[in-house]
Amino acid sequence: MTRIEVSRSGGFAGLTRTWSVEVSSTEAEERWLPLLEKVEGSGLEDPQRDRYVYHIAIGYREVTVAESAVEGPWKELVEWVKGASSSQRGKESGEAPD
């Protein structure tokens, strides 16, 4: 299993929020790790004042992405991890999912 963790920090209040989910090593290698490889050396734009910054870790590899660059596959990954993390938390605590 491979852990995917998404942390969002910054914004007006400067708060940090973290979501995580476990996926199979195969899914991580085939679906999500290629995103990190595309980013390395691509010079993602600098974060803007009062905007969020996303720190995304897949296993031992990680990248920081400005909010304005979270689109396409990045947005899919962030939204998927947030949703999966919320539903896992609900199951563990016995709460009904949103």
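In this text, all values refer to a predicted model and were calculated from it rather than measured experimentally.
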Start with the C-alpha gap between Lys75 and Glu67, add the side-chain angles, then the distance that decides, and say whether salt bridge (Lys or Arg N to Asp or Glu O under 4.0 Å) holds.
CA-CA 10 Å; Lys75 185 174 179 98; Glu67 178 182 32; over 6 Å; no

Check step by step if side-chain contact (heavy atoms from CB on, under 4.5 Å) holds for Val78 and Ile56.
CA-CA 8 Å; Val78 168; Ile56 300 168; 4.2 Å; yes

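- A 4.5 Å side-chain heavy-atom check between Trp32 and Trp80 finds at least one atom pair inside the cut-off.
- In plain terms, the two heavy atoms of Trp74 and Leu35 that are nearest each other are CZ2-O, 3.6 Å.
- Here the side chains of Ser68 and Arg51 are in contact, with some heavy-atom distance below 4.5 Å.
- In plain terms, the two heavy atoms of Glu62 and Leu36 that are nearest each other are N-CD2, 3.8 Å.
- With sequence neighbours left out, Glu79 forms a side-chain hydrogen bond (donor to acceptor under 3.5 Å, both in side chains) with no residue at all.
- A side-chain hydrogen bond (donor to acceptor under 3.5 Å, both in side chains) with Ser20 is found for exactly one of Glu5, Arg3, Lys82, namely Arg3.
- Between Leu77 and Ile4 there is a side-chain heavy-atom pair separated by less than 4.5 Å.
- Checking Thr16 against Ser9 by side-chain atom types alone, no donor-acceptor pair falls below 3.5 Å.
- The CD atom of Glu29 sits 11.0 Å away from atom CD1 of Ile58, with the distance rounded to the nearest 0.5 Å.
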Start with the C-alpha distance between Glu71 and Glu76, add both sets of side-chain angles, then the distance that settles side-chain contact (heavy atoms from CB on, under 4.5 Å), and finish with yes or no.
CA-CA 8 Å; Glu71 54 188 32; Glu76 178 186 356; over 6 Å; no

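- If you take CZ on Arg8 and OH on Tyr54, they are separated by 5.0 Å, rounding to the nearest 0.5 Å.
- Contact annotation: the side chain of Val6 never approaches that of Thr18 to less than 4.5 Å [non-hydrogen atoms, C-beta and beyond].
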